[in-house]
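Below is one structure; the comments refer to it alone.
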There are 2 protein chains.
Amino acid sequence: MQEETTRRSNADRRRETRSALLAAARECFVSKGFAGTGTPELVAAAGMTRGALYHHFADKTDLFRAVLRAEAEAVAAAIRAAAPPGSDIVEALLSGADAYFAAMKAPGRARLLLVEGPAVLGPSEIAVLDDETGGATLREALTALNIAAPVPETARMLSAMFDSAALAIADGADPALYRTALGHLLTALARQ
Amino acid sequence: MQEETTRRSNADRRRETRSALLAAARECFVSKGFAGTGTPELVAAAGMTRGALYHHFADKTDLFRAVLRAEAEAVAAAIRAAAPPGSDIVEALLSGADAYFAAMKAPGRARLLLVEGPAVLGPSEIAVLDDETGGATLREALTALNIAAPVPETARMLSAMFDSAALAIADGADPALYRTALGHLLTALARQ
DNA sequence: GAAATAAACATACAGGCTGTATGTATGCAA
DNA sequence: TTGCATACATACAGCCTGTATGTTTATTTC
């Protein structure tokens, strides 16, 4: 036995401290917001020092960006996992929305992705994440529906609808109400 | 002749410095964001000192709140001024949307109200402003349409649609595309 | 396997910003 | 004109961010 502290490879150290920082950052950003979280408090929660933070991330914003990426990836994975077997497009959209709402129920996730994110990183950078999360799929579905309305604009607005519903649901609203409201809107749109 | 500086009443001084601070704050918050704007730079742009700022406002956030209130009031006034004479509800909604889009084209206003506001003041405080701006009117219109979908949830999601369209248009997107997309969605919803 | 190098941190420091406390001048009221 | 309140201006304490520098541990090279 060499020492009490376990001997770790550089790759291990790197991975472990990074994930510790990310977890603590997520926790702090959710509970106190990006501006309300100081790096001293953040690294203390992670059991690290500010030196480790600035070794792994360019600055506080870069750490925030990494947290958001992880959240967006988790949402995208959840939606992919709930891939619908049926062929009806409206139904596929609705089940996709369900998966989205469920994924966005993770504590603080809606606030991170939909409120803090656009303000800290700018709407344009968030738009990229949105696109990976489900924006492209949404546009494909609308194209398949052969609607008369312009697809990109309709997709963008529908996406905003999903987001506002997700925020409300994560805030305690009844998902069933938003689901039926969405169902009416989408079937009305498809029938046109 | 007493002095070179004009002699002003307290009420005048108060009003003038307040509006100078509000104008400079709006300018700075738009160009550099809330977090990116420091109070020293802000008061310099207003030709004032930090003492004046903290005499008139509780803190930087309170000044931001005052700026947002003015913006929201301007939008509400623009929408009220464009009150439609016709009786068709869908058409009234669309012309209301047009007025909203036009009002939100004021430089930086969309970013202030839709991006920075929710992050700085919290979504709940912004919801109040939204309601005064047009949320209540929207719910009344939906009720009059006698739609099958639940009204409050539908109104909330439609409001989010308007917001995302306003943000896109303020960012340079073609208003006509969003207008037709909205027209299709609203008429489809009304026909149900 | 020993020296050299690089990675992964830890510590120290320099600026800037926020909010408050205190000081001053001007309008107002009795 | 005397006292008071308002409207500021200045000074200060604390915190936070990003960088620069130091130290330890792993990895590579000879």
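Order of the sequence lines sets the chain letters (A, B, ...), proteins ahead of strands, with each chain counted from 1.
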Please determine whether the number of non-hydrogen atoms from other residues, nucleotides or ligands lying under 6.0 Å from atom CD of B:E91 exceeds 12.
no
Under 3.5 Å, side chain of B:T37 to main-chain N/O of B:C28, donor-acceptor pair present?
yes
Within less than 4.0 Å of OP1 or OP2 of C:dG19, is there a side-chain N or O belonging to B:R50?
no
Assuming nearest nucleotide by heavy-atom distance, tell me which of B:E41 and A:T49 is located more 5' along DNA chain C.
A:T49
Quick one: are A:V75 and A:E71 in side-chain contact, heavy atoms under 4.5 Å?
no
Side-chain touch A:R111/A:F29, heavy atoms, less than 4.5 angstrom:
no
Under 4.0 angstrom, heavy atoms only, what part of the nucleic acid is B:T37 near: base, sugar-phosphate, or nothing?
sugar-phosphate
Assuming nearest nucleotide by heavy-atom distance, tell me which of A:G51 and A:P40 is located more 5' along DNA chain D.
A:P40
Starting at atom CZ of B:R14, determine the distance to atom P of C:dA25, rounded to an integer number of angstrom.
22 Å
Does A:T39 place a side-chain N or O at less than 4.0 Å from the phosphate oxygens OP1/OP2 of D:dT17?
yes
Got B:F64 and B:L68 here, is their nearest side-chain heavy-atom distance under 4.5 Å?
yes
Are any of B:T17's side-chain N or O atoms less than 4.0 Å away from OP1 or OP2 of D:dC8?
yes
Whole angstrom is fine here: how far is it from NZ in B:K60 over to C1' in C:dC17?
8 Å
Hey, is the side chain of B:H56 poking within less than 4.0 Å of OP1 or OP2 on D:dA7, counting only N and O atoms?
no
Would you say the side chain of B:R8 and the base of C:dG27 hold a donor-acceptor pair, judged only by whether the two atoms sit under 3.5 Å apart?
no
Quick one: A:R18 CZ to C:dC9 P, roughly how many Å, whole number?
11 Å
Can you tell me if the side-chain N/O atoms of A:H55 get under 4.0 Å from OP1 or OP2 in C:dA8?
yes
Taking 4.0 Å as the cut-off, does a side-chain nitrogen or oxygen of B:R13 come that near to OP1 or OP2 on D:dA7?
no
5'-most by nearest nucleotide on DNA chain C - A:M48 or B:A11:
A:M48
Round to a whole Å and report the spacing from CG of B:N10 to C1' of C:dC28.
7 Å
Interatomic distance where CG belongs to B:D62 and P belongs to C:dG19 [whole Å]
10 Å
Between OH of B:Y54 and C1' of D:dA11 the distance, given in whole Å, is 15 Å
